[in-house]
Amino acid sequence: MSIREKVAAFLSGFIPKKQQDDTPTDQPSQPVEQVHSPAPSAAAAFSDASAVELDSNHPIYQLYDARRKEYGPLPRPRLYLDEDGEMDEKAVLRELGRARGFLTSSCGLRLKELSGKGKQKPKKKSQEEGEDEPPPPPLDAEPCFFLSADKLYAWVLILPPAHGGLEIAREDLYRRMHAEGITFGVDEQLVDRLSHDDRKYFTLFLIARGKPAFDGKNGNIVEHFPREIVRVLEVDEYNQVDYTALNLIYNVEEGEEICRLILPTEGEPGRTVLDVEIPAKGGKPAPLPKGRNTEISEDGLSLVATIAGHVEYSGGSFQVKPVLDIAGDVDFSTGDIKFLGDVNIGGDVLSGFSVRAMGNIHVDGALEAGCSVETGGDLVVVKGILGDGDTVVRGQRSIFSKYIENATIQVRENLQTDCIINGNIFCDGEVLVKSGRGTVMGGRIWAAKRLAANIIGAPSECRNLVTLGGKPCASFEREQLAREIRMLNEELERLDTQPESRARTSLIQKAQAKLSVAKLKQSHLEEEGAVPDDPYALDAGRLECGMAYAGTEIRFEEQVVRLRHDTRQCVATVVNQELMIM
């Protein structure tokens, strides 16, 4: 044996059969130990998640034993789908079951050929008469190919030759791969190495990788203005609230960009190891949320404002509402304000004047006694609301004010303030009086969801009525309509006693028109009240306060509880339609 063969035999750990035959007869030959090689333990070879686990009696181990009997010790089989950790873990797990089936069928067929059962040939006459059977035919090395379900990966398992068959050659591998259709992504270096590698048998090699397809990215929109405005005032370390910090109006100039469109990208097609293209999907475009007073730019990539105003996201689109800026007070220089957009008032709203807006209203000053304010959005009053008992403020969303005194407030969502004195509050959401003094003194508060305050009442035991649950705003509107209808009927009765004149006729017609509108609103509210309440909201209503003085009345529907003594950490809630004080 040459030096090269000796080195190869030393590195591979076995002596070829030819050398065993050349061993001198004067030296006793060492018998080859015939020990079955069990399947590798799970803690050793199969610790990797991509290992193909097989039973110890699997055909591949029977072939391995047969090869070892003929050539001596061999490296154990290595059956890993992704030994380098380059594949997706989910893809590996999907292929493990198919890989077991492939190994079972390929090695089972090879085992039949090795035992001579693969092809049943008719026995010759000489064999029937007891003559010796001819030696089994030689079996050349056999490459078996396994493709993943998506045809992106191809593995090869080379089974060794037997009975003097030929070793695998580079050309044989290429020929068999072309016969299987594997022509794309072939690892040529691995093919060259396998033609002369001693450890090429009983091992799964990832011999070809396809190119996965990548779908395009969907279009996106980069927005310069928020879709949702956070209407919450935070209390600082001194238990104070800065009402000027709540800016609900986002101004935009004419032609200014509101949002920009990011175009979708095209998909990148892939290719399987069989050289078949994998189509890719292109990204979906994102529509620009065009609303009122906006337009799409000429290049179609941006949404711009057509007027100067306030940007608001509503109804699935960006809209620009006009903004009315009043530098000073609402007085005789401005008159009553009626505006379809948002209103910024730099001063106060003086007594006797009204402000109505479809959007938000921001008042840097105060609301004086006798004024009237109604907003379709949010209302912010930096200095507070000072009424005279007839002052009415309505908000379709939330109201934020420094204080509220002698005023009637109707708010659909939440009310936040530092102090309420003799207020008449109707709120469908929460009334929060926790910042500053956090005092509720006198008057009536009807909160559908929750009233949270530091102090309710006074040591003088002034009357404070707190109503929980129900529909405060709807009840307030019914009261207002009933009052309006009563006043209109009284006006008509008074006009009937006056002598005939054109002025009298005109006044009667106007009063009758107002009465018809009021009755129509009243019937509409009655229809809404006939709808059954949400069963999940029946127990809505909760009172939380640090101190409730005697004289405070807590009501839920017909149930009334009057506090006879001062109560600290007072909590009232509705459970199973019953009012409970804790």
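The pair Glu484-Lys514 does not count as a salt bridge, with every side-chain nitrogen at least 4.0 angstrom from each carboxylate oxygen. Between Glu374 and Arg356 there is a salt bridge, with a side-chain nitrogen of the basic residue lying less than 4.0 Å from a carboxylate oxygen of the acidic one.
More than 12 heavy atoms of other residues, nucleotides or ligands lie within 6.0 Å of CD in Glu479, so this atom counts as buried by the packing criterion. Summarising the local packing, CE of Met87 is surrounded by more than 12 heavy atoms from other residues, nucleotides or ligands at distances under 6.0 Å. In Glu266, the CD atom is not crowded: 12 or fewer heavy atoms of neighbouring residues, nucleotides or ligands sit closer than 6.0 Å. Residue Arg562 places its CZ atom among more than 12 non-hydrogen atoms of other residues, nucleotides or ligands, all under 6.0 Å distant. Crowding of Leu96 atom CG: a count of heavy atoms from other residues, nucleotides or ligands under 6.0 Å exceeding 12.
By the side chain to side chain donor-acceptor pair (under 3.5 Å) test, Ser317 is found to be paired with no residue, residues two or more places apart in sequence or in another chain being considered. For Pro212, the side chain to side chain contact (heavy atoms under 4.5 Å, CB included) partners at least two apart in sequence or on another chain are Leu152, Phe214. Under the side chain to side chain donor-acceptor pair (under 3.5 Å) criterion, Glu223 pairs with Arg227, sequence neighbours left out. Residues passing the ring pair (Phe, Tyr, Trp, His ring centres under 6.0 Å) test with Phe184, sequence neighbours excluded: none. Residues passing the side chain to side chain donor-acceptor pair (under 3.5 Å) test with Ser401: none are found, sequence neighbours excluded.
Between Ala357 and Gly341, the shortest heavy-atom contact is CB-O, 3.5 Å. Closest approach of Tyr549 and Met547 over heavy atoms only: CE2-CE, 3.8 Å. Val320 and Ala305 get closest at one heavy-atom pair: CG2-CB, 3.8 Å.
A donor-acceptor pair under 3.5 Å links the side-chain atoms of Lys290 to the main chain of Thr294, judged by distance alone.
Of the listed residues (Arg412, Arg450, Lys449, Arg542), just one forms a salt bridge (charged side-chain N to carboxylate O under 4.0 Å, His left out) with Glu430, and that residue is Arg450. None of Val355, Val380, Val393 except one satisfies the side-chain contact (heavy atoms from CB on, under 4.5 Å) rule with Ile361; the exception is Val355.
Under the 4.5 Å side-chain criterion, counting only non-hydrogen atoms from C-beta, Ile399 is not in contact with Ile404. Counting heavy atoms from C-beta on, the side chains of Glu477 and Lys521 never come closer than 4.5 Å. Residues Ile421 and Asn406 are not in side-chain contact: their nearest non-hydrogen atoms beyond the backbone lie 4.5 Å or more apart.
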Test side chain to side chain contact (heavy atoms under 4.5 Å, CB included) on Asp348 and Val363; report intermediate values, then the result. CA-CA 7 Å; Asp348 304 330; Val363 182; 5.5 Å; no
Return a table of donor-acceptor pairs under 3.5 angstrom between the side chains of residues 432-439 and protein atoms on other chains or two or more places apart.
unit_1, atom_1, unit_2, atom_2, d
Lys434, NZ, Asn454, OD1, 3.4
Ser435, OG, Asp418, OD1, 2.3
Thr439, OG1, Arg437, O, 3.4

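Between Phe426 and Trp446, the ring planes are tilted. Angles from 30° to 60° get that label.
Note that CG of Asp329 and CG of Leu350 are 5.0 Å apart. Values are rounded to the nearest 0.5 Å.
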